[in-house]
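The structure appears right after this line, and notes come after that.
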Number of protein chains: 2
Amino acid sequence: MSFDAMPRNGDGELPLDEGAVREFVGYNLKRAYMVLYPAAQAAVAELDLRIPTFSGLSVIVRNPGIAPSELAERLSMERSNIVVVIDELETRELVTRTKSKTDRRRFALTATMRGKRLLDKAVAAIRRSEERLLQRLTAEEQAKLVELLNKIEAASTD
Amino acid sequence: MSFDAMPRNGDGELPLDEGAVREFVGYNLKRAYMVLYPAAQAAVAELDLRIPTFSGLSVIVRNPGIAPSELAERLSMERSNIVVVIDELETRELVTRTKSKTDRRRFALTATMRGKRLLDKAVAAIRRSEERLLQRLTAEEQAKLVELLNKIEAASTD
DNA sequence: GATAATAGTTATTGACTATAACTATAATTC
DNA sequence: GAATTATAGTTATAGTCAATAACTATTATC
């Protein structure tokens, strides 16, 4: 059994149908992402960080000496775009960029003390933002969600 | 107990740490989205559709007579950006745009036969794409995932 | 009737992504 | 070991989508 869509009379009293998009996991994914992303953006903006810059910093802190190309791969970004991120991090003295001795094509990226401290603050800020927005999900649900998301991510190599 | 990050020697033999980003639901959301979105994009591209155009069409088909501003609201898009979508749909004769009689500021958008047929094809194409990429998830897992995503979306009004 | 609000439009900007072309170094192949 | 190929980083540029401001026409409100 199916219900035909009713023509709208322009007075806006009929509830809007969601459209076929709602059947897709991708659309639901995007809608949820569009809740968390702007919130995270606002959280790090207070520390004068953009999301890509924050992401770069977060990987460099945990991987002292990482090369830009490795960073790009890890974050699935183009090398050309990672350059801008690194420039920003270096200018703000959050990261140092030194020539590798074993391969002079490469740079070794290392977070400064200042970079580490700022990262800690940024992490805390995004945590607060997610805590607020994920209130309706239990810890188990959040874990389950991440597990399912990671299964999708893993499928990209299929 | 914590493990300090090991300095990298530049020979790339150490596995890269994920960085603090991975702790966030938002990051995992984005990574999964970045698997499904380009696939859906490629699927509808074969029908000469972009994702926003497809989304617009999908809502108009189910809501004959819908106004552009309602469409924008339903898809969480700016009115100014919806105009481009509608232009495209009208030019391709997938949708008709007629003045509302009760409120002459408004347009009434209605899908043509051609629009409905193209939507069916596009829906089928995205379905195939998602079926392939969501193979690792059971039907129950997919349902659970959407349920959790919708809880996040609902939190946007908090 | 004057004022404010809404619908649609246009132009423009910004953020992020993607591509191509280039230089330097290193790895390879003959 | 010289020539070729591949890799790392960079620059410039373009594309996509989202966001803002300013404008006109119409309707609603005071």
Side-chain angles (χ1 to χ4, degrees), chain A residues 8 10-12 21 26-27 30-31 33-35 37-38 40-42 44-45 48-56 60 65-91 95 97-109, chain B residues 8 10-12 21 26-27 30-31 33-35 37-38 40-42 44-45 48-56 60 65-91 95 97-109:
Chain A
R8 305 184 61 71
D11 287 339
V21 276
Y27 184 73
K30 175 168 194 178
R31 300 290 300 207
Y33 178 61
M34 282 303 146
V35 172
Y37 181 76
Q41 204 168 40
V44 299
D48 246 302
L49 283 171
R50 298 176 307 113
I51 293 289
T53 316
F54 161 75
S55 305
I60 295 168
I66 190 174
S69 56
E70 291 173 312
L71 181 59
E73 165 122 31
R74 176 71 274 168
L75 292 174
S76 299
M77 292 178 63
E78 292 297 321
R79 290 201 313 281
S80 60
N81 293 327
I82 223 66
V83 171
V84 183
V85 168
I86 296 172
D87 283 348
E88 200 177 322
L89 289 169
E90 197 189 22
T91 301
V95 156
R97 164 157 52 179
T98 62
K99 280 270 184 199
S100 161
K101 288 178 182 174
T102 54
D103 184 343
R104 293 189 9 250
R105 289 172 301 184
R106 292 175 160 247
F107 283 117
L109 305 172
Chain B
R8 305 185 59 71
D11 288 339
V21 276
Y27 183 74
K30 175 169 192 176
R31 299 290 301 206
Y33 178 61
M34 282 303 145
V35 172
Y37 181 76
Q41 204 169 39
V44 299
D48 247 300
L49 284 171
R50 298 175 307 113
I51 293 288
T53 317
F54 161 75
S55 305
I60 295 169
I66 190 175
S69 56
E70 290 173 313
L71 181 59
E73 166 123 29
R74 176 70 274 170
L75 293 174
S76 300
M77 292 178 62
E78 291 298 320
R79 289 200 314 283
S80 59
N81 293 326
I82 224 61
V83 171
V84 183
V85 168
I86 296 171
D87 283 348
E88 201 178 322
L89 289 169
E90 196 188 22
T91 302
V95 157
R97 164 157 53 181
T98 61
K99 280 271 184 200
S100 160
K101 288 178 181 174
T102 53
D103 184 342
R104 289 183 17 247
R105 288 173 300 185
R106 293 175 160 248
F107 282 117
L109 305 172

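Lettering of chains follows the sequences in order, A, B, ..., and the numbering in each one begins at 1.
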**Prompt:** Is it the case that A:K99 places NZ or CZ above or below the six-membered ring of A:F107, under 6.0 angstrom from the centre and within 45 degrees of the axis?
**Reply:** yes

**Request:** For B:R97 and B:D87, run side-chain contact (heavy atoms from CB on, under 4.5 Å): C-alpha distance rounded to whole Å, both residues' side-chain angles, the deciding distance at 0.1 Å, then the answer.
**Result:** CA-CA 9 Å; B:R97 164 157 53 181; B:D87 283 348; 2.6 Å; yes

**Asked** Atom CD1 of A:I51 and atom C1' of D:dA18: how far apart are they, to the nearest Å?
**Response** 16 Å

**Request:** Output yes when at least one side-chain N/O atom of A:R106 is less than 4.0 Å from OP1 or OP2 of C:dT25, else no.
**Result:** no

**Prompt:** Can you tell me how far the CZ atom of B:R74 sits from the CD1 atom of B:I60, to the nearest 0.5 Å?
**Reply:** 13.5 Å

**Asked** Rounded to whole angstroms, how far apart are CZ on A:F54 and P on C:dC16?
**Response** 14 Å

**Message:** Can you tell me how far apart OH (B:Y37) and NZ (A:K30) are? Round to the nearest 0.5 Å.
**Reply:** 5.5 Å

**Asked** Of A:S69 and A:K30, whose nearest nucleotide on DNA chain D comes first from the 5' end?
**Response** A:S69

**Request:** Look at all strands and tell whether B:Q41 reaches a base, only sugar-phosphate, or nothing, counting heavy atoms closer than 4.0 Å.
**Result:** sugar-phosphate

**Prompt:** Does some side-chain heavy atom of A:P68 sit less than 4.5 Å from a side-chain heavy atom of A:L109?
**Reply:** yes

**Nucleotide-resolved protein contact map, nucleotides 22-30 of chain D, B/S/- at heavy-atom distance under 4.0 Å** = ---BBS---

**Message:** Please list, in numerical order, the residues of residues 82-91 of chain A that have a heavy atom closer than 4.0 Å to any atom of DNA chain C.
**Reply:** none

**Prompt:** Separation of B:R50 atom CZ from D:dT16 atom C1', in whole Å?
**Reply:** 8 Å

**Request:** In whole angstrom, give the distance that lies between atom CE of A:M77 and atom P of C:dT19.
**Result:** 14 Å

**Prompt:** Would you call A:R50 and A:E88 a salt bridge, taking side-chain N to carboxylate O under 4.0 Å as the test?
**Reply:** yes

**Prompt:** How about A:V85 and A:M77: do any of their side-chain heavy atoms sit closer than 4.5 Å?
**Reply:** yes

**Request:** Evaluate side-chain contact (heavy atoms from CB on, under 4.5 Å) for A:S76 paired with B:R31, printing each intermediate quantity in order.
**Result:** CA-CA 9 Å; A:S76 299; B:R31 299 290 301 206; 3.1 Å; yes

**Prompt:** Given C:dC16, is OP1 or OP2 found less than 4.0 Å from the side-chain N or O atoms of A:Y37?
**Reply:** yes

**Gap between atoms CE and P, on A:M34 and C:dC16 respectively (whole Å)** = 11 Å

**Request:** Would you mind reading off the distance between A:I66 atom CD1 and D:dA8 atom P, rounded to a whole angstrom?
**Result:** 12 Å

**Prompt:** What about B:S80: does its side chain form a donor-acceptor pair under 3.5 Å with the base of D:dT20?
**Reply:** yes

**Prompt:** Atom CG of A:N81 to atom P of C:dC16: distance rounded to whole Å?
**Reply:** 11 Å

**Asked** Does the side chain of A:L75 reach to within under 4.5 Å of the side chain of B:Y27, using non-hydrogen atoms?
**Response** yes

